[in-house]
Engineer: 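Got a structure for you, written out below as structure tokens; questions coming shortly.
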Amino acid sequence: MDDLTLQVPQGSFFALLGPSGCGKTTTLRMVSGLEAPTAGRIRIGDSDITYTKPYARPVNTVFQNYALFPHMDIYENVAFGLKRRGVKDTQKQVDDALELIQLSSVAKRKPTQLSGGQQQRVALARAIVNRPAVLLLDEPLGALDLKLRRQMQLELKRIQTEVGLTFIHVTHDQEEAMTMADTVAVMNNGIIEQMGPPTELYESPKYGVRGQLPRPVEPVPGQGRRGGWRGPHPRGPRRPVPDAHEPRRQGVSTTAGTRVLVGVRPEKIAITRFADAGEAPTHGNFVDGHVLSMSFLGVSTQYEVRTRGGDMINVFSQNLDVHNVLPPGTEVRLSWLPHHGFVLSGGEDIHAGMDQAS
Ligand SMILES: Nc1ncnc2c1ncn2[C@@H]1O[C@H](COP(=O)(O)OP(=O)(O)OP(=O)(O)O)[C@@H](O)[C@H]1O
Ligand SMILES: [Mg+2]
């Protein structure tokens with residue numbers, strides 16, 4: 001970790017997103033007290049907990065491997081934290097927690113008699129019943145299959161909204177972070193690279209964009225503040241991104257001679273056969289290339305396109321007409337509206353903050 005500053009608003013669902021080894025678990029371990037920072041402070045509300053013993057912190061953690069007590073039934077698992085703190089009447093709180101995760105009917109079963117997703121919900125109930133000031137979730141859905149994972153993401157969000165606790169959720173899955181969190185912090189190499197609401201991170205990313213970048217744009221010297229660089233096509237518009245995404249506002253250098261990259265999200269791109277494309281559009285950005293691969297995904301078709309400049313761009317095309325998919329080898333034109341573009345520094349690692357495997 002290096003000079004990490006994080007402020008998580010009370011009652012929010014906060015996601016820490018980053019690739020393996022970037023320091024997510026380490027951050028959580030410092031909050032829960034399993035790891036001591038060499039410098040700096042950790043506060044919850046007004047109280048400084050930097051040197052507070054783990055068990056004395058108002059914090060609970062839910063791990064990837066739910067680790068329920070195998071010899072106890074579900075009810076006893078959920079009641080465990082309350083009993084340990086000497087709470088006498090646990091009945092109502094445990095019943096409420098089981099209702100919250102919609103598993104009241106299996107209270108008398110042992111963990112092995114539940115499915116993976118159900119066990120994970122019990123692990124969540126076991127933590128929530130203690131009403132911690134902060135609930136730490138370290139890839140809690142990692143062991144679940146994709147369908148169950150998606151379902152649990154919505155479930156987790158519902159539960160968080162219902163109980164109003166502060167959740168800090170660690171994941172390397174961008175979609176998961178976006179689905180659930182109010183605020184996402186993108187972490188890489190022990191630092192926070194960007195932080196904001198999901199829509200902002202998605203529409204104006206500074207990092208973490210994978211495989212959908214048109215070729216680098218060279219700024220033109222002497223063109224003033226706004227007009228100094230071109231879109232990906234030589235006959236495209238002069239200002240390939242909107243003012244709100246201007247390089248300077250994004251902290252990207254546009255000194256003559258430096259490189260910037262113009263990016264666009266795959267679902268914002270229109271793909272047409274080059275033969276049908278007609279005249280070059282005067283308002284939109286466009287770039288020509290050919291289809292490298294095509295995967296039919298049901299609601300959409302995903303294309304991988306290699307531009308004539310040699311760059312790779314991903315396109316998600318809605319399946320309005322499934323008989324008109326474009327097979328590999330098809331010469332195509334990609335176009336998009338300037339206000340859908342954003343800029344990144346040319347020298348940045350464009351894969352930062354992303355999990356390569358997913
Ligand atoms: N106890 C330790 N001593 C020294 N280095 C450690 C220790 N624990 C973790 N590290 C290192 O610190 C870095 C961050 O590890 P951390 O477990 O926080 O990553 P992570 O973001 O949670 O990754 P993953 O997504 O794989 O769980 C890694 O390079 C790791 O090797
Ligand atoms: Mg980890």
Side-chain angles (χ1 to χ4, degrees), residues 1-8 12-44 49-55 57 59-68 116-117 119-120 123-124 126-127 132 134-146 148-150 152-153 156 160 166-196 198 201-202 205-211 348-358:
M1 310 306 310
D2 184 23
D3 195 20
L4 178 83
T5 303
L6 260 187
Q7 199 157 10
V8 179
S12 71
F13 200 129
F14 190 92
L16 212 49
L17 172 70
S20 184
C22 76
K24 305 180 297 294
T25 296
T26 306
T27 305
L28 293 194
R29 286 172 63 85
M30 288 192 288
V31 177
S32 62
L34 298 173
E35 201 87 59
T38 48
R41 322 290 309 172
I42 301 168
R43 291 191 194 85
I44 294 181
I49 56 153
T50 316
Y51 301 108
T52 307
K53 291 269 182 283
Y55 59 81
R57 299 183 185 205
V59 173
N60 271 99
T61 309
V62 178
F63 298 99
Q64 176 171 351
N65 51 344
Y66 5 93
L68 300 177
Q119 289 182 46
Q120 191 58 317
L124 191 65
R126 197 174 57 168
V134 184
L135 184 67
L136 306 175
L137 302 128
D138 196 351
E139 304 257 7
L141 310 181
L144 307 179
D145 72 46
L146 190 65
L148 194 52
R149 206 178 155 107
R150 296 273 172 266
M152 281 293 294
Q153 288 167 3
L156 260 182
Q160 190 269 339
T166 308
F167 278 30
I168 303 181
H169 181 104
V170 155
T171 178
H172 60 265
D173 180 342
Q174 178 179 318
E175 203 174 308
E176 180 164 307
M178 302 247 169
T179 306
M180 296 189 290
D182 306 311
T183 306
V184 179
V186 180
M187 192 172 208
N188 208 23
N189 290 325
I191 61 163
I192 302 292
E193 291 185 326
Q194 191 175 7
M195 197 164 107
L201 257 72
Y202 192 75
K206 287 186 185 168
Y207 308 89
V209 179
R210 178 180 53 194
E348 298 293 346
D349 173 10
I350 60 168
H351 302 297
M354 291 299 294
D355 178 15
Q356 299 300 302
S358 73

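Each ligand, and each atom within it, is numbered from 1 in the order the structure gives.
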Engineer: Going by distance only, is there an N or O of Ser20 that falls short of 3.5 Å from an N or O of ligand 1?
Structural biologist: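 Among all N and O atoms of Ser20, at least one is under 3.5 Å from an N or O of ligand 1.
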
Engineer: Check for a donor-acceptor pair, side chain of Lys24 on one end and backbone N or O of Gly18 on the other, with a separation under 3.5 Å.
Structural biologist: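 Between the backbone of Gly18 and the side chain of Lys24 there is a qualifying donor-acceptor contact (under 3.5 Å).
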
Engineer: Which value, rounded to the nearest 0.5 Å, describes the distance between Glu176 atom CD and His169 atom NE2?
Structural biologist: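 These two atoms lie 4.0 Å from each other.
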
Engineer: Can a non-hydrogen atom of Cys22 be found less than 4.0 Å from any atom of ligand 1?
Structural biologist: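 So Cys22 counts as touching ligand 1.
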
Engineer: For atom 10 (N) of ligand 1, which protein heavy atom lies nearest, and how many Å away is it?
Structural biologist: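 So the nearest neighbour among protein heavy atoms is Thr26 OG1, 4.9 Å.
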
Engineer: Between Ala185 and Phe14, what is the shortest heavy-atom contact and its length?
Structural biologist: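 Scanning both residues completely, I find the closest heavy atoms to be CB-CZ, 3.7 Å.
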
Engineer: With atoms numbered from 1 as shown, which atoms in ligand 1 lie under 4.0 angstrom from a non-hydrogen atom of Gly23?
Structural biologist: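 Per the distance check, 14 (C), 16 (P), 18 (O), 19 (O), 20 (P), 21 (O).
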
Engineer: Looking only at protein heavy atoms, which one is nearest to atom 25 (O) of ligand 1, and what is the separation?
Structural biologist: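 Atom 25 (O) of ligand 1 sits closest to the protein heavy atom Lys24 NZ, 2.7 Å.
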
Engineer: So, for Val62 and Ala127, which heavy atoms are closest and what is the spacing to 0.1 Å?
Structural biologist: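 Result for this residue pair: CG2-CB, 3.7 Å.
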
Engineer: Looking at atom 20 (P) of ligand 1, tell me if a protein heavy atom falls under 4.0 Å from it.
Structural biologist: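 Given the 4.0 Å cut-off, atom 20 (P) of ligand 1 counts as touching protein heavy atoms.
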
Engineer: Looking at ligand 1, does any of its N/O atoms fall within less than 3.5 Å of an N/O of Thr27?
Structural biologist: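 Between Thr27 and ligand 1 (N or O atoms, distance only) the closest approach is not under 3.5 Å.
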
Engineer: Has the side chain of Arg29 got a donor or acceptor atom that lies under 3.5 Å from a matching backbone atom of Glu35?
Structural biologist: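 Flag not set: sc Arg29 to bb Glu35 has no pair under 3.5 Å.
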
Engineer: How far is atom 14 (C) of ligand 1 from its nearest protein heavy atom, and which residue and atom name does that atom have?
Structural biologist: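 I find the closest protein heavy atom is Gly21 O, 3.3 Å.
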
Engineer: Quick test: of every protein heavy atom, which one is nearest to atom 27 (O) of ligand 1, and how far off is it to 0.1 Å?
Structural biologist: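 Protein heavy atom with the smallest distance to atom 27 (O) of ligand 1: Thr25 OG1, 3.8 Å.
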
Engineer: So does Thr26 have any N/O/S atom less than 2.8 Å away from the Mg ion (ligand 2)?
Structural biologist: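 No, Thr26 does not qualify, because none of its backbone or side-chain N, O or S atoms lies under 2.8 Å.
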
Engineer: Rounded to the nearest 0.5 Å, how far apart are CE of Met180 and OG1 of Thr171?
Structural biologist: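 These two atoms lie 6.5 Å from each other.
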
Engineer: Can you find a protein heavy atom under 4.0 Å from atom 3 (N) of ligand 1?
Structural biologist: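 Protein heavy atom within 4.0 Å of atom 3 (N) of ligand 1: absent.
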
Engineer: Measure from atom 8 (N) of ligand 1 to the protein's non-hydrogen atoms and state whether any distance is below 4.0 Å.
Structural biologist: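 No.
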
Engineer: Does Thr50 offer a backbone N or O that forms a donor-acceptor pair with the side chain of Arg57 under 3.5 Å?
Structural biologist: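 Yes, because the side chain of Arg57 sits within donor-acceptor range (under 3.5 Å) of the backbone of Thr50.
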
Engineer: Can you confirm whether more than 12 heavy atoms, excluding those of Asp182, are under 6.0 Å from its CG atom?
Structural biologist: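 Counting other residues, nucleotides and ligands, CG of Asp182 exceeds 12 neighbours.
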
